[in-house]
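Here the structure comes first, spelled out in structure tokens, and everything after it is commentary.
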Amino acid sequence: MARILITSALPYINGIKHLGNLVGSQLPADLYARYMRARGHEVMFICATDEHGTPAELAAAKAGKPVAAYCAEMHRVQAELAQGFGLSFDFYGRSSSARNHALTQHLARQLGEAGLISVITERQMYSPADGRFLPDRYIEGTCPNCGYERARGDQCEECTKQLDPTDLINPRSAISGSTDLELRETRHLFLRQSALRETLDKWIDSQTGWPVLTTSIAKKWLHDGDGLQDRGITRDLDWGVPAQFDGAPWEGMEGKVFYVWFDAPIEYIAATAEWADAQGLDDSAWQRWWRTDQGADDVRYVEFMGKDNVPFHTLSFPATLIGSGEPWKLVDYIKSFNYLNYDGGQFSTSQGRGVFMDQALDLLPADYWRWWLLSHAPENSDSEFTWENFQASVNKDLADVLGNLVSRVTKFCRAKFGAVVPAGGDCGPLEDRLIADLEAGLRSYQTAMDAMMVRRSAQDLRALWVLGNEYLQEAAPWSTFKSDPDRAAAQIRMALNLIRVYAVISQPFIPGAAARIMEAMACDDWSWPGDLRAALGALPQGHGFDVPDVLFAKITDDQRTEWAERFAGTRS
RNA sequence: GGGCCUGUAGCUCAAUGGUCAGAGCAGGGCGCUCAUAACGCCUUGGUUGGGGGUUCGAGUCCCUCCGGGCCUACCA
């Protein structure tokens, strides 16, 4: 039994996430976590809300709430949605937790004492009207290159030219619109990533089998231009982990907090500590996952994230852990995803374009979304959600291939033998062949799941479901029942057991439906089918069951049309 | 501008440099009647974006052009 540590990129706190966010990290991470647990491994699956930074403060202000209250509320909302989607986190923490404050400050001090933090004075735009320093993108003005009047301080979206806020003509605050902006001096801590460049480069070279998307982004940052640059790790904000604290090896950082991207990954560790606290366990309980001197050398650590998160997980966070000089567990595999687009464009929070997690659950059970999103996960390139494709995939795969199989088998049995696993008859060559096909298919499925090949896994699972329909067609118990009822009994006994096996192996993808099947089968034996022949005898002769309600109702054309209109958002 | 990814059947995607480029869906035909008008079998469909090159052999490697996407360090 292996120990597997799984983290999903942390969803940002400032609103409900859309399906693109979900499929980029939390959902595939959940698939992997569920699968590994089902295979009997010890899993620690961690996620948390990412609560610091300028957007959180602005969102709180817009909501008219103190930022702490706003974050607490949004954490609760996101946690409920995660539960609604069946995301099986062992703990869903908060980056604003006391544990993260303490650990972030601890690691910063370690880095400071190792000489890996420098204090740099720089000049940044300050807005007296807003009472805050403004990140580059929160300054708008006219692009000096193309004349676009709503260019942002980091880049003009019209001509794509990279800008500095001071380049803008008629700069103004994107928040208040105030043109009263001034350059103010401010001091910040910088993480001296450049000093760890070779170490990081060698570490990444030593990893094998990482997705191209992961390594190419890391290599770009390591070798582009002057190479890996130092990174500011503090901000002039109120809400966050204070950068000045007892024992800090620097001074003058009063009123500043650590940069959200410094403390967010640390929350992976802190959340595991939060888990231990919640369980009433001592520090050794979480340290055995994270400290290589406490047993974490045996842990396999896998991170899931969208491609925009890769630089922080391949460089900044490892630099933080390595630079601390302490024996922290580093990631073993980074599974990164491209983006999911929505019907010809991008999901857009501001335009209300696309489907968001709360809306999705209002329309359909989580399994529909889980199945479509995972079977179309943007692994090799960006992929696209369309209602036509969603309807077709869900109706065909879930309703017709799997749902109908369960329905036809259970209803036939009830009609001919009663709602019990029928006795009598023996298996023959047809069943031998079915088992051989299932074994081959299951091996393929497991190989894909082990390798986190998400789409491939979904294909393999579907192919396993199809075997059930093929078997029924050939066995034709409705026909054999007339000539040889014992034979029909053996066939249906096989089919009922097959349904149970499907529930077990499908559970990582569609946990809700799997649970309903198991409930209908009156079975709670979720053990993974190591020996298929034995697994197909788990429901003994005479075992009672219920015919479940329709597992997956089909999406109608009318529904599809209405939803497509409702979520189109405001066209630009 | 630079870097990376991508382009394969109507659609969504496969294919360690090696049999006739394969699946699912959609389309066509046949079968079955247990089932959510579901299932099974057969089948149509391709100059692998264009062009050049390397090779006994290229969807795969190289060059070039065209299209789509992402990243580019102060959003997270």
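Throughout, protein chains are lettered first and strands after them, A, B, ... in sequence-line order, and every chain is numbered starting at 1. As the structure is a computational prediction, the values presented were derived from the model and not from experiment. The figures here come from the full heavy-atom set of this structure, side chains too, leaving out hydrogens, waters and symmetry mates.
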Margin query: Just N and O in the side chain of K411(A): are any of them under 4.0 Å from OP1 or OP2 of rA38(B)?
Written below: no
Notebook entry, point to check: Just wondering, do W478(A) and rC34(B) stack (centres under 5.5 Å, planes under 30°)?
Noted result: yes
Margin query: Hydrogens and angles aside, do D164(A) and T166(A) bring a side-chain donor and acceptor to less than 3.5 Å of each other?
Written below: yes
Are any protein N/O atoms closer than 3.5 Å to N/O atoms in nucleotides 21-27 of chain B? If there are, list each pair with its distance.
{"unit_1": "rG24(B)", "atom_1": "O3'", "unit_2": "R462(A)", "atom_2": "NH2", "d": "3.3"}

Checklist line | Base-pair map of RNA chain B as dot-bracket, where | denotes pairing with a different strand and pairs are Watson-Crick or G-U under 3.5 Å | finding: (((((((..((((....[...)))).(((((.......))))).....(((((..]....))))))))))))....
Item checked: Q124(A): which of L134(A), D136(A), T186(A) passes side chain to side chain contact (heavy atoms under 4.5 Å, CB included) -> T186(A)
Notebook entry, point to check: Between R137(A) and rC75(B), does any side-chain N or O lie under 4.0 Å from OP1 or OP2?
Noted result: yes
Item checked: Between P of rC71(B) and NZ of K307(A), the distance in whole Å -> 6 Å
Next item on the list: Would you mind building the protein contact string for nucleotides 6-12 of chain B? One character per nucleotide, 5' to 3', B for base within reach (heavy atoms under 4.0 Å), S for sugar-phosphate only, - for untouched.
Entry: S-----S
Notebook entry, point to check: Taking OP1 and OP2 of rC71(B), is either one under 4.0 Å from a side-chain nitrogen or oxygen of Y339(A)?
Noted result: yes
Item checked: N/O (side chain, Y471(A)) to phosphate O (OP1/OP2, rC39(B)) under 4.0 Å -> no
Next item on the list: Provide, to the nearest angstrom, the distance between the CD atom belonging to Q229(A) and the C1' atom belonging to rC74(B).
Entry: 12 Å
Notebook entry, point to check: Between rC32(B), rA76(B), rC75(B), which one does the side chain of V260(A) approach most closely?
Noted result: rA76(B)
Check: Once you round to the nearest 0.5 Å, how far does CZ of F412(A) lie from CD of Q491(A)?
Finding: 8.5 Å
Note to self: If I take atom CD in residue Q346(A) and atom P in nucleotide rG68(B), what distance separates them, rounded to the nearest angstrom?
What the structure shows: 15 Å
Check: Of all the choices, rA76(B), rC39(B), rC74(B), which nucleotide is nearest to the side chain of N469(A) once you look at every atom?
Finding: rC39(B)
Check: Rounded to the nearest Å, what distance is computed from the CG atom of residue D460(A) to the P atom of nucleotide rA14(B)?
Finding: 13 Å
Next item on the list: Let me know, please, whether D230(A) or F312(A) comes out on the 5' side of the other along RNA chain B by nearest nucleotide.
Entry: D230(A)
